[in-house]
Protein chains: 2
Amino acid sequence: METNKKMKMMSLDQLKDKHLGEVGTTERDKYEFDLKIEILGDMIKSVRKERHLTQEQLGELIGVQKSQISKLERNTRNVTIETILKVFKALKANVKFSIEMNEGEFKVA
Amino acid sequence: METNKKMKMMSLDQLKDKHLGEVGTTERDKYEFDLKIEILGDMIKSVRKERHLTQEQLGELIGVQKSQISKLERNTRNVTIETILKVFKALKANVKFSIEMNEGEFKVA
DNA sequence: TGAAAAGTTTCAATATATGGAAACTATTTT
DNA sequence: AAAATAGTTTCCATATATTGAAACTTTTCA
């Protein structure tokens with residue numbers, strides 16, 4: 001659907017907007033997100049595109065069919081950490097993880 | 001085992017060393033890690049402790065038995081994103097995710 | 001030290017993530 | 001427009017993540 005496609009591109013652009021790499025000095029791209037299942041696929045797709053790979057090529061690097069890659073990028077399922085690591089390792093991207101918590105916030109009901 | 005226990009405590013201390021919260025001003029703790037399956041359990045345990053919860057209490061918040069929490073903290077298995085989110089949501093902690101990539105680095109073999 | 005609380009492990013059931021193969025649709029190229 | 005390439009979907013099998021219950025071990029504390 002047309003609308004659907006536009007929505008997705010918006011979200012990819014939002015990713016781009018979050019580039020935090022020091023301009024020129026280091027050659028590092030950095031994307032940071034609130035971890036949501038819905039956005040993980042976009043991350044994979046975005047990085048794959050930067051690597052100029054097709055789904056089939058990425059699949060070969062990992063050892064799976066292109067259909068798997070499609071499924072991952074389209075968030076058709078929940079995903080395990082292992083799968084995430086496998087994909088981004090193939091893309092030579094470093095995956096970080098951070099936890100933020102407000103110290104006082106928590107109440108036991 | 002004695003050695004094992006010491007190793008684990010070291011790793012928790014390393015977590016602590018990574019506190020990045022602006023001192024005093026905001027009341028925010030922040031832990032950042034390379035995403036590794038082995039360290040995720042320590043993250044959960046560490047945040048749970050800061051919330052002064054037992055495994056059983058955390059389990060109640062999520063709706064699972066304390067044995068589940070133990071398993072997650074002890075990294076006995078691979079984990080899905082959904083589970084990670086469920087746990088940290090219960091702990092009122094915000095989970096972020098970041099990808100770093102060197103632009104030039106990638107070669108297609 | 002002995003009881004209570006907290007955490008771990010095992011066994012087992014169920015749900016679901018991973019994965020391939022192939023047909024299909026969409027996009028790109030000539 | 002036709003062919004080639006890229007991406008998606010469906011059907012299905014297999015592996016394994018999630019979970020509970022209960023027994024067990026470790027830690028805490030009176």
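Chain letters run A, B, ... following the sequence lines, proteins first and then strands; every chain starts at 1.
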Point to revise | Length of the CD-C1' vector between B:Gln55 and C:dT8, whole Å | key: 8 Å
Practice item. In sequence, state the C-alpha distance, the side-chain angles, and the governing distance for B:Leu58 and B:Gln55, and then conclude on side-chain contact (heavy atoms from CB on, under 4.5 Å). Key: CA-CA 5 Å; B:Leu58 177 53; B:Gln55 292 182 341; 5.8 Å; no
Check your understanding: Just how far, in rounded Å, is C1' of C:dT27 from NZ of A:Lys45?
Key -> 12 Å
Exercise for review: Could you state the atom-to-atom distance from CD of A:Glu60 to C1' of D:dA6 in whole Å?
Suggested key: 13 Å
**Study point:** Distance, rounded to the nearest Å, where A:Lys66 contributes NZ and D:dT10 contributes P
**Key:** 16 Å
Point to revise | Any donor-acceptor pair under 3.5 Å from B:Asn78 side chain to A:Thr80 backbone | key: no
Revision key, fill the gap. When rounded to whole Å, the CD1 to C1' distance for the pair A:Ile44 and C:dT18 reads 13 Å
**Study point:** side-chain N/O A:Lys49 vs D:dG7 OP1/OP2, d < 4.0 Å
**Key:** yes
Exercise for review: Indicate yes or no for a side-chain donor-acceptor contact from B:Arg51 to the backbone of B:Lys92 under 3.5 Å, with no hydrogens or angles considered.
Suggested key: yes
Exercise for review: Output yes when at least one side-chain N/O atom of B:Ser70 is less than 4.0 Å from OP1 or OP2 of C:dG7, else no.
Suggested key: no
Check your understanding: Under 3.5 Å, is there a donor-acceptor pair between the side chain of B:Thr76 and the main chain of B:Lys71?
Key -> yes
Check your understanding: Would you find a donor on one side and an acceptor on the other, under 3.5 Å apart, between the side chain of A:Asn94 and the backbone of B:Glu100?
Key -> no
Check your understanding: Roughly how many Å is it from CG in A:Leu40 to C1' in C:dA17, rounded to a whole number?
Key -> 14 Å
**Study point:** Residues B:Met43, B:Phe88; criterion side-chain contact (heavy atoms from CB on, under 4.5 Å); working and verdict
**Key:** CA-CA 10 Å; B:Met43 282 198 271; B:Phe88 287 107; 4.1 Å; yes
With the criterion being N/O to N/O and under 3.5 Å, what pairs connect the protein with nucleotides 16-19 of chain D, and how long is each?
{"from": "D:dT18", "atom 1": "OP1", "to": "B:Thr80", "atom 2": "N", "distance (Å)": "3.0"}
{"from": "D:dT18", "atom 1": "OP1", "to": "B:Thr80", "atom 2": "OG1", "distance (Å)": "3.0"}
{"from": "D:dT18", "atom 1": "OP1", "to": "B:Thr83", "atom 2": "OG1", "distance (Å)": "2.5"}
{"from": "D:dT18", "atom 1": "OP2", "to": "B:Asn78", "atom 2": "O", "distance (Å)": "3.2"}
{"from": "D:dT19", "atom 1": "OP1", "to": "B:Lys86", "atom 2": "NZ", "distance (Å)": "2.6"}

Exercise for review: With heavy atoms under 4.0 Å as the rule, sort A:Thr54 into base, sugar-phosphate or nothing.
Suggested key: sugar-phosphate
Review point. Can you list the steps and then say if A:Leu53 with A:Leu91 is a side-chain contact (heavy atoms from CB on, under 4.5 Å)?
Key: CA-CA 9 Å; A:Leu53 295 174; A:Leu91 292 166; 3.9 Å; yes
Check your understanding: Separation of A:Arg74 atom CZ from D:dA6 atom C1', in whole Å?
Key -> 13 Å
Point to revise | A:Ser70-A:Ser67 side chain donor-acceptor pair, cut-off 3.5 Å | key: no
Check your understanding: Quick one: do B:Glu73 and B:Arg48 make a salt bridge, cutoff under 4.0 Å?
Key -> yes
Revision key, fill the gap. Rounded to whole Å, the CD-C1' distance (A:Glu56 to C:dT27) equals 15 Å
Review point. Just how large is the angle between the end axes of the helix from C:dT1-D:dA30 to C:dT30-D:dA1, five pairs per end, to 10 degrees?
Key: 60°
